Amino acid sequence: MSDAASLSHAVPKQQRIARPERRQARAGIVLFAPAFVLLILILIVPVVVAGILSMTDYTLGRPSIDWVGLRNYVDIFTGSSYRKMIVATVLYVVLVVPASVFLGLGAALLIRSLNVGQSFYKTIYFLPVMASLLAMAIVWEFALHPTLGIVNRTLAMGCGTPLEWWPWFARGCAEGFPLWLGDRDYALYTLAFIGVWQSFGFNMVLYLAGLTSVPSDLYGAASMDGVKSGWERFRLITWPMLGPTTVFVVTITMIRSFQVFDTVEALTHGGPAKSTYVMIYAIYEKGIAQNLVGLGAAITILFLAFVMLISVAQRRFVERKVHYQ
Amino acid sequence: MTYRFSTRQTLAHVVLILGAVIVLLPFYVMISTSLKSPAEIATGTGGVFGSQALFADQTCLTLGGSKADCLVRPVLDNYTKAFTEAPMWRYLLNGVIVTLSIFALQTLVAVPAAYALAKLRFWGRDAAFALVLFCLLIPVHAIALPLYLMLAKLGLTNSYAALILPWTVSAFGIFLMRQFFMTVPDDLIDAARMDGMGEFAIIWRVMLPTAIPALLAFAIFSVVAHWNDYFWPRIVITGDRSLFTPPLGLREFKGDLGGDFYGPMMASATIIAVPLVVAFLLAQRRFIDGITLSGMK
């Protein structure tokens, strides 16, 4: 209790001073206890369990359990299908994060510049964030269907027009447009596209919030100093002032895209040729569907290491670099 | 109000409209397809709403019905099938049960803990807060495998408990409510204590009413996340259809049925996506605040 509070109620305080401290301490422990127990059981214990199981050959339902040391980790770093897993995961993240962040920023800047219709666009761009990703993934699959889908049908309408100057388009007209999700060269890019489609509206909203906190007198001061072009204003004021927002947006987009699962499980099952075999899907397939718990646990630990690294890097970055206020 | 023509504004609108077309494309495909007959879907005809001409239902014909008996209206047929080919009501009910239970339990656990962290001095408080901050770093989806094994050992897979238990504690919920409670003046609490209120009464009758906006935002955050969640139900519900949540039900629908079923499948997808989309359109500000809550850290 603060001193000010005890002073303002000085008279009846006398008999309460000793007792309330103790009572508060007890109440605090009692009130935090349920959360404490659950945090330990649901979040901390599983991490420890995964760490231990990752060094065993445990499978669910078998009584014996053998210690295999680091063999599961060695398997991950030497097996070709696991190398594909790391490549697919990293490529997905590298594709989605910049696209989603810059589209979010671009949309926010464009929308802020409008005289009319700001909330109209904001609503539309935010819709994918709200809708069930699994449902929308299934719709995208249908839209990208090689023969029935609206995408290839629309592309086919461009055949015979000057678009055929574009070699890729001409090839599509002659040999058929890509199978998208069924083609190993396109599948991961297609999933990344769906990922960007789903997530950039979220980043847009965060950037819109960030933009409102940029003090407008900075722009006035800049124009007095001779900063005339929109690009210079953006480079000298808007972008640096959005630093904290950007760090946060990049981190959260990264962590989320690392966790991509719905689209992979529903549309590609990690294929074709393991081109979309991302980590969370691998954990699900190895650890749960195939009951290779040791391997699944090792991938879990690797995954946690990735995610923690990103979060810790973000906190470091925020502490060191982003000090504008 | 009139606005003067400006090239810059027009250009911005053009770019944003093009973006909006791509963003809305799957919603259009979903709704439009859910209105069409199989023939229209197969040939890509029928415009936006389909011609709505009667057609003979294939299952009805194979069951020996005469052509006249089997004539159905595409839109009615698709949406009827969404409910008859799969226990859609059950899925929706499960979705409601699971999301509401999760939110109720999260509140019950997080609010007292947040109050303790914000306003009470007790031994280990700093360590407790550090624990919450650490747990913020662990995405529950990442530790799905050990959680699943623990639930399996307890014999709890394929139950409501499996769907709900792992989400009962939200480190983020505790953190958020704690930050909010910090802003509540101590005098308010002291006054309540003077009136003889216990700590528990203070939480529910003094603190919670002041925190309604934060709690509402958290409610939206939580309900949207768990209504749409597919990964966790997929793992813990393996056989029992009566426990399926809406996304699992839709996935099952897709797995079961081949080619001709795009109409009913898109109708199911529409039914699952619609509740949240409508709620969002009605209360946009609150939804945007709630879902971007994680941006407030």
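The model shown is predicted, which means the values in this text are computed figures rather than measured ones. Below, read A as the first sequence line, B as the second, and so on, with proteins coming before strands; counting in each chain starts at 1.
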Hey, does A/I280 have a side-chain heavy atom less than 4.5 Å from the side chain of A/V264?
no
Under 4.5 Å to a heavy atom of chain A? For B/V224 that would be side chain
Bottom line for A/M130: the part with an atom under 4.5 Å from chain B's heavy atoms is both
Cut-off 4.5 Å, heavy atoms of chain A, and the answer for B/A152 is side chain
Counting heavy-atom pairs under 4.5 angstrom with chain A, the leader among B/A269, B/G198, B/P26 is B/P26
Whatever's closer than 4.5 Å to a heavy atom in chain B on A/F306 counts as neither
If one checks every heavy atom of B/I22 against chain A at 4.5 Å, the contacting part turns out to be both
Cut-off 4.5 Å, heavy atoms of chain B, and the answer for A/I124 is both
Okay, A/E141 and chain B: the region with an atom under 4.5 Å from a heavy atom over there is side chain
Cut-off 4.5 Å, heavy atoms of chain B, and the answer for A/L110 is both
Whatever's closer than 4.5 Å to a heavy atom in chain A on B/F27 counts as both
The interface call for B/Y148 against chain A, heavy-atom contacts under 4.5 Å, is side chain
Whatever's closer than 4.5 Å to a heavy atom in chain B on A/Y58 counts as side chain
**Request:** Classify the ring geometry between A/Y281 and A/Y284 as parallel (under 30°), tilted (30 to 60°) or perpendicular (over 60°).
**Result:** tilted
_Once you measure the plane-to-plane angle for A/Y121 and B/H13, does it fall in the parallel (<30°), tilted (30-60°) or perpendicular (>60°) bin?_
tilted
Original post:
Are the side chains of B/L248 and B/Y91 in touch, meaning some heavy atoms are under 4.5 Å apart?
Top reply: no
Under 4.5 Å to a heavy atom of chain B? For A/L43 that would be both
Here the gap from A/L208 atom CG to A/N203 atom CG, rounded to the nearest 0.5 Å, amounts to 11.0 Å
Honestly, the part of B/L276 sitting under 4.5 Å from a heavy atom of chain A is both
Most contact-rich option vs chain A, by heavy-atom pairs under 4.5 angstrom, among B/T270, B/L281, B/L131, B/V277, is B/L131
*Would a line drawn from the ring center of A/F126 to the ring center of B/F287 be shorter than 6.0 Å?*
no
Turns out that what part of A/I150 lies under 4.5 Å from chain B's heavy atoms comes down to side chain
Per-residue tally against chain A (heavy atom, under 4.5 Å) across B/D229, B/V274, B/L24 peaks at B/L24
Among B/A279, B/P146, B/S268, B/G19, the residue with the most heavy-atom pairs under 4.5 Å to chain A is B/P146
The interface call for A/V30 against chain B, heavy-atom contacts under 4.5 Å, is neither
So do the side chains of A/F202 and A/V249 get within less than 4.5 Å of each other, counting heavy atoms only?
no
Separation between CZ (A/F102) and CZ (A/F200), nearest 0.5 Å, reads 15.0 Å
Exercise for the section: Ignoring hydrogens and angles, state whether a donor on the side chain of A/Y207 or A/T246 is under 3.5 Å from an acceptor on the partner side chain. Expected result: yes
Whatever's closer than 4.5 Å to a heavy atom in chain A on B/M30 counts as both
The interface call for A/F120 against chain B, heavy-atom contacts under 4.5 Å, is neither
So, the part of B/K153 with a heavy atom under 4.5 Å from chain A: the answer is side chain
Rounding to 0.5 Å, atoms OG1 (A/T123) and CD (A/Q118) come to a distance of 11.5 Å
So, the part of A/L304 with a heavy atom under 4.5 Å from chain B: the answer is side chain
Of the listed A/V45, A/V49, A/L41, A/I44, the one with the largest count of heavy-atom pairs under 4.5 Å with chain B is A/I44
Okay, A/I111 and chain B: the region with an atom under 4.5 Å from a heavy atom over there is both
Under 4.5 Å to a heavy atom of chain A? For B/I17 that would be both
Review point. How are the rings of A/F193 and A/W140 set relative to one another: parallel (under 30°), tilted (30 to 60°) or perpendicular (over 60°)?
Key: perpendicular
Assert top hit (heavy-atom pairs under 4.5 Å, partner chain A, pool B/V15, B/L11, B/T168, B/N228) equals B/N228
Okay, B/T33 and chain A: the region with an atom under 4.5 Å from a heavy atom over there is side chain
Note: vs chain A, highest number of non-hydrogen pairs under 4.5 angstrom among B/L149, B/I272, B/I203 is B/L149
Tell me whether B/R234 forms a cation-pi arrangement with A/F261, defined as NZ or CZ under 6.0 Å from the six-membered ring centre and within 45 degrees of its axis.
no
d(B/I143 CD1, A/F303 CZ) to nearest 0.5 Å is 11.0 Å
Exercise for the section: For the residue pair A/R112 and A/T212, establish whether any side-chain heavy-atom pair is separated by less than 4.5 Å. Expected result: yes
Task: Contact check, side chains of B/R193 and A/Q24, non-hydrogen atoms, under 4.5 Å - done: yes
